[in-house]
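First listed ligand is number 1; within each ligand, the first listed atom is number 1. Computed from a predicted structure; not experimentally measured.
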Amino acid sequence: MIVLQIGQCGIQVGQSLFKSIESELPGNSLCYPLSKFQQIIVDTERKTWQRHLRENSETLFPTLYVDGGSSGRGNNWAFGYADLEGHVENVLESYRRSVEAQSSYDGCMLIHSIAGGTGSGFGSRLVERLRDDYLKGYIFNSAVVPFASGETALQHYNSLLSLSWMQRHSDFIGLFPNDMMMSSIQRQFTHYVNRGSAKTDKVSLDDLNGYLAHCLSTMLLPLHAAEYKDGQIAMQLKDPTPFDGWDLIQRMTPLPTCKLVSFASSYLSRHIENSNRSHVHVFTDWDEITSRTIRNLGISPPGVKRNCLSSRIYIRGAQGPDYWRRASHFTSKIQSKLGAAIDPAFCDTLVAPFHALDPKSAKKSISLCFNSTETLPYLVSLAEKCERTMKAGAYMHWYEKYVGAGHAGDAVAETQCLFDDALESLRTVISGYQDFV
Ligand SMILES: Nc1nc2c(ncn2[C@@H]2O[C@H](COP(=O)(O)OP(=O)(O)OP(=O)(O)O)[C@@H](O)[C@H]2O)c(=O)[nH]1
Ligand SMILES: [Mg+2]
């Protein structure tokens, strides 16, 4: 898999992801199947990728950097999408080299925010070109959703356009709302540090990226399949199974309109992890790890129930009879929290006796990946906000400026059409999910 990290957010999250995967390498060497990962780092603001280059010079993963200039795209989707300087061709050239370096090509993942101009706009242009040029490879997006308020005036429009492009061209859209991850980490501070008091320590972007990286890495890491008899491992298959993108797409996106996937995991903020070193049960006890995963799940607004179209639970590092005695209790506890919209058979559980590749690793974790109605309140509120501001004609001129650049068409009409189509696409997704409420 080729992992494209686009814009500042994409690069910072990607850095956390690869650090998390690197921490699983036995003997600190790149071995199969982890050697299938390659990174391409892209930004229209030189200093971001240059910082990445300085801080990651020792990474074991093949990494290509694409220089997209020095100015950034000013939080404007249309500026990023317009690609006036032709940077997309440079990225595609690096991509082609990465594909050729692989023994077999499966697909890619794009990591980016849907609010920034580069992540949303340039990311949209890229996903469209990748779909055209590499028809047979899968496309995953891991998209960071901006905080609901207090960021930029254009964030709702950027998110609307970016979501509609992913809906059209991508196979799997992983959504990581900053607000949801922030509340999960705040709940951890309340639970482990302040012991029930409402006062919470300041949560950093590093914490959010750590959480996101944990969700993604536990999905991407290879799995050691094993057979169990009477609660004991009876036979271990020798080779770990690499991440299978098509299998996950098939399971998680049962309908073409519904391909928005949410995540949660037993991740514990580094700060809290360090202050709880002496409380061993926090890291080893399956009851504790299960409860933490459930606590980390996003909390739906009052009166809104989460219904899953499909879900997958990854349980890693499951050695020991303490797990196997109560395996069904742990999974049914999680499944009942997730809630099944169709049939519980659409929830599967993958259990690996090793956390990743190192049989000596004592790590244990649970992570969840699910396609559910949980995203509906966000989608509905995004559609309402965009509709309101579009009716008032607010901020549209920022987009007209770039939509019209480079050709003689009617920029105002073209921009209106672009937004109307995107809103229509969002409404179709909303009605697709409303069938499962
Ligand atoms: N979770 C998380 N969110 C981030 C991070 N950095 C930025 N964001 C979010 O990403 C959005 C801004 O996107 P950026 O990635 O900074 O913008 P960009 O893609 O570089 O685009 P331009 O700078 O406009 O060219 C905001 O919603 C931020 O909250 C990060 O490290 N982690
Ligand atoms: Mg930027």
Side-chain angles (χ1 to χ4, degrees), residues 4-20 41-52 55-56 65-85 87-88 91 110-127 141-163 165-166 174-186 202-216 262-263 265 267 269-270 298 378 382 395 398-399 401-402:
L4 291 133
Q5 299 156 41
I6 305 154
Q8 177 164 341
C9 176
I11 294 176
Q12 284 164 186
V13 168
Q15 191 170 350
S16 296
L17 169 64
F18 277 89
K19 284 209 168 117
S20 171
I41 316 274
V42 185
D43 200 0
T44 53
E45 201 171 356
R46 196 164 290 138
K47 65 177 197 290
T48 329
W49 67 257
Q50 286 177 335
R51 182 161 14 98
H52 185 281
E55 290 172 8
N56 296 276
Y65 292 89
V66 183
D67 184 8
S70 57
S71 60
R73 291 296 175 262
N75 294 307
N76 183 334
W77 181 93
F79 190 10
Y81 182 81
D83 186 32
L84 301 174
E85 289 142 30
H87 295 307
V88 166
V91 180
L110 292 91
I111 308 179
H112 56 97
S113 81
I114 57 171
T118 306
S120 71
F122 193 78
S124 294
R125 172 75 84 172
L126 252 182
V127 84
N141 282 82
S142 289
V144 173
V145 177
F147 291 104
S149 57
E151 292 210 43
T152 70
L154 304 185
Q155 72 181 42
H156 307 309
Y157 282 167
N158 292 342
S159 304
L160 170 74
L161 295 163
S162 182
L163 281 171
W165 246 255
M166 291 189 280
L175 288 184
F176 294 91
N178 270 343
D179 284 311
M180 184 284 277
M181 295 190 289
M182 169 81 102
S183 329
S184 298
I185 308 279
Q186 271 169 344
K202 204 168 176 303
V203 178
S204 67
L205 273 186
D206 279 348
D207 269 326
L208 306 195
N209 295 350
Y211 185 18
L212 206 164
H214 190 259
C215 293
L216 282 181
S262 307
F263 292 82
S265 83
Y267 174 79
S269 156
R270 285 279 165 274
Y378 165 67
L382 179 66
Y395 308 117
W398 287 106
Y399 294 80
K401 203 164 132 185
Y402 297 103

Return yes if some donor-acceptor pair links the side-chain N/O of Gln15 with the main-chain N/O of Asn56 below 3.5 Å, else return no.
no
Separation between CE of Met180 and CG of Leu208, rounded to the nearest 0.5 Å:
10.0 Å
Protein contact to atom 6 (N) of ligand 1 [nearest heavy atom, distance to 0.1 Å]:
Gln12 NE2, 3.4 Å
Nearest neighbour in protein (non-hydrogen) for atom 13 (O) of ligand 1:
Ser113 OG, 3.0 Å
Step by step, would you call Trp398 with Tyr157 a ring-ring contact (aromatic ring centres under 6.0 Å, His included)?
CA-CA 11 Å; Trp398 287 106; Tyr157 282 167; over 10 Å; no
Under 3.5 Å, is there a donor on one side chain and an acceptor on the other for Tyr399 and Asn158?
yes
Say whether Asn76, considering both its backbone and side-chain N or O atoms, lies within less than 3.5 Å of an N or O atom on ligand 1.
no
Of the protein's non-hydrogen atoms, which lies at the shortest distance from atom 32 (N) of ligand 1, and what is that distance?
Asn209 OD1, 2.7 Å
Ligand 1 to Gly117, heavy atom cutoff 4.0 Å, flagged ligand atoms 21 (O), 22 (P), 24 (O)
So for Thr118 against ligand 1, with non-hydrogen atoms under 4.0 Å, the contacting part is both
For atom 26 (C) of ligand 1, what is the closest protein heavy atom, and at what distance to 0.1 Å?
Glu151 OE1, 2.8 Å
Would you mind listing which atoms of ligand 1 come within a distance below 4.0 Å of any non-hydrogen atom of Pro146?
27 (O)
Taking the side chain from His87 and the backbone from Gly68, do they hold a donor-acceptor pair closer than 3.5 Å?
yes
Which atoms of ligand 1 sit under 4.0 Å from any heavy atom of Val144?
1 (N), 3 (N)
Is the OH atom of Tyr395 crowded by more than 12 outside heavy atoms at less than 6.0 Å?
no
Among Asn178, Ile111, Leu208, which one has a heavy atom closest to atom 1 (N) of ligand 1?
Asn178
Any nitrogen or oxygen of Ser120, side chain or backbone, less than 3.5 Å from one on ligand 1?
no
Ala115, any N or O under 3.5 Å of ligand 1 N or O
no
Among side-chain atoms of Asp43 and Thr48, is any donor-acceptor pair under 3.5 angstrom?
yes
Starting from atom 20 (O) of ligand 1, which protein heavy atom do you reach first, and at what distance in Å?
Gln8 N, 2.9 Å
Residue, atom and distance of the protein heavy atom nearest atom 24 (O) of ligand 1 read Asn75 N, 2.7 Å
Please write down residue, atom name and distance for the protein heavy atom closest to atom 23 (O) of ligand 1.
Glu45 OE1, 4.1 Å
For Asn141 and Met166, indicate whether the former's side chain and the latter's backbone hold a donor-acceptor pair under 3.5 Å.
no
Thr44 neighbourhood, listing ligand 1 atoms whose heavy-atom distance to it stays under 4.0 Å
25 (O)
When you measure from the side chain of Asp83 to the backbone of Val88, do you find a donor-acceptor pair of N or O atoms at a distance under 3.5 Å?
yes
Do Val13 and ligand 1 have an N or O pair less than 3.5 Å apart?
no
Could you find the nearest protein heavy atom to atom 7 (C) of ligand 1 and give me its residue, atom name and distance?
Cys9 CB, 3.6 Å
Below 3.5 angstrom, do we get any N/O pair linking Gly119 and ligand 1?
yes
What class does the angle between the rings of Tyr81 and Trp165 fall in, given that below 30° is parallel, 30 to 60° is tilted and above 60° is perpendicular?
perpendicular
Salt bridge (Lys or Arg N to Asp or Glu O under 4.0 Å) contacts in which one or both residues fall within residues 65-76, not counting sequence neighbours:
Arg46-Asp67, Arg73-Glu85
For Gly72, atoms of ligand 1 separated by under 4.0 Å from a heavy atom:
25 (O)
Is Ser124 reaching over with its side chain to a backbone N or O of Ser120, donor-acceptor style, under 3.5 angstrom?
yes
Contacting atoms of ligand 1, where contact means under 4.0 angstrom from a heavy atom of Gly7
19 (O), 20 (O)
Point-to-point distance, once rounded to the nearest 0.5 Å, from OG of Ser70 to CD of Glu45
8.0 Å
